[in-house]
Amino acid sequence: KQLQKDLQEINELLTKATRKRLRDVLMTEKHKLELEIKNQPPPKPKDVVEEEKSSLGGYTVKINNYAWDQSDKFIKIYISLSGVQKLPAENVQVNFTERSFDLLVKNLNGKNYTMTFNNLLKPISVEGSSRKIKTDTVLVMCRKKQEEKWECLTQVEKESKEKEKAAYDTSDPSEGLMNLLKKMYAEGDDEMKRTINKAWVESREKQSKGDIPMDI
């Protein structure tokens with residue numbers, strides 16, 4: 001629901017936006033949202049949801065920390081959870097789709113733990129994917145549909161990297177530096193802005209011609 005609302009708002013902004021740069025940014029965000037919505041796992045029937053809720057004790061913690069690796073055939077996600085090997089196997093559940101997975105660990109030291117990955121970079125085999133429980137670790141094994149190297153885990157990560165690279169990867173090294181300084185200036189605090197301004201003034205003073213442009 002939230003993703004649909006975000007998409008609706010972006011569409012409304014697109015109808016009002018007139019500047020090309022703003023429209024490009026909005027179109028990029030729209031594309032990301034459409035991908036997320038497309039790869040959302042199908043909603044579970046209400047009775048299944050209610051049954052799951054009733055079986056969960058304590059409160060639920062969202063897992064944000066993980067490590068990952070890959071082989072020719074698998075993407076491997078490592079999640080550290082102290083004592084997870086002591087749980088019954090059925091308390092550690094992973095549901096896979098072609099481009100996502102959900103992990104649920106129930107009743108570990110009075111808490112439940114969840115992790116969701118949407119928009120995986122490439123399709124995975126649902127049947128070939130699985131999870132393994134090791135000492136203090138859950139290993140999620142996503143079987144690649146094609147044996148190829150993944151540069152990152154999700155499509156959103158890839159688009160973010162490409163966008164950042166395009167912003168600073170220019171044929172003119174000084175232009176790339178200027179873009180970086182502008183970004184630092186725009187996102188920095190007052191102290192950062194003062195430092196950049198001071199450095200720029202000192203640099204200009206050293207230039208006899210003063211022909212280095214800087215538009216902050």
Atom pair CD (E159) and NE2 (H31), whose distance is rounded to the nearest 0.5 Å: 4.5 Å
Note: W150 and W68 closest approach over all heavy atoms is O-CH2, 4.1 Å
Contacts of E157 meeting side chain to side chain contact (heavy atoms under 4.5 Å, CB included) (sequence neighbours excluded), chain-then-number -> Y66, C152, L153, T154
Validation: residues 124-133 side-chain donor-acceptor distances under 3.5 Å, sequence neighbours left out:
| unit_1 | atom_1 | unit_2 | atom_2 | d |
| --- | --- | --- | --- | --- |
| S125 | OG | G128 | N | 3.0 |
| S129 | OG | S125 | O | 2.7 |
| S129 | OG | R143 | N | 2.9 |
| R131 | NE | V92 | O | 2.9 |
| R131 | NH2 | A89 | O | 2.9 |
| R131 | NH2 | V92 | O | 3.3 |

Checking side chain to side chain contact (heavy atoms under 4.5 Å, CB included) against Q70, which of K144, K76, E148 comes through? K144
Flag side-chain contact, heavy atom, 4.5 Å: N118 against T116: yes
Check whether any side-chain heavy atom of I77 sits under 4.5 Å from a side-chain heavy atom of C142, and report yes or no. yes
d(E29 CD, E9 CD) to nearest 0.5 Å is 12.0 Å
For atom CG of D69, is the number of surrounding heavy atoms from other residues, nucleotides or ligands below 6.0 Å larger than 12? yes
Apply the hydrophobic cluster definition, ILVMFWY joined by side-chain contacts under 4.5 Å directly or through others, and give me every member besides M141. F74, Y78, L139
Given I79, which partner from the list V105, L103, D136 fulfils the side chain to side chain contact (heavy atoms under 4.5 Å, CB included) test? L103
Point-to-point distance, once rounded to the nearest 0.5 Å, from CE of M27 to CG of L14: 6.0 Å
Is there a path of hydrophobic side-chain contacts, each under 4.5 Å between heavy atoms of I/L/V/M/F/W/Y residues, joining L120 to V156? no
When rounded to the nearest 0.5 Å, the distance separating OG1 of T114 from CG of D102 is 8.5 Å
Do you know which two heavy atoms are closest between N65 and M115, and how far apart they sit? O-CE, 4.2 Å
Crowding at CD, Q146 (>12 non-hydrogen neighbours, <6.0 Å): no
Spatial distance of atom NZ (K111) from atom CG (L81) [nearest 0.5 Å]: 11.0 Å
Can you find a pair of side-chain heavy atoms, one from D24 and one from K20, that are under 4.5 Å apart? yes
Side chain N91, main chain K106, donor-acceptor under 3.5 Å: yes
Rounded to the nearest 0.5 Å, what separates atom CG in L104 from atom OH in Y113? 12.5 Å
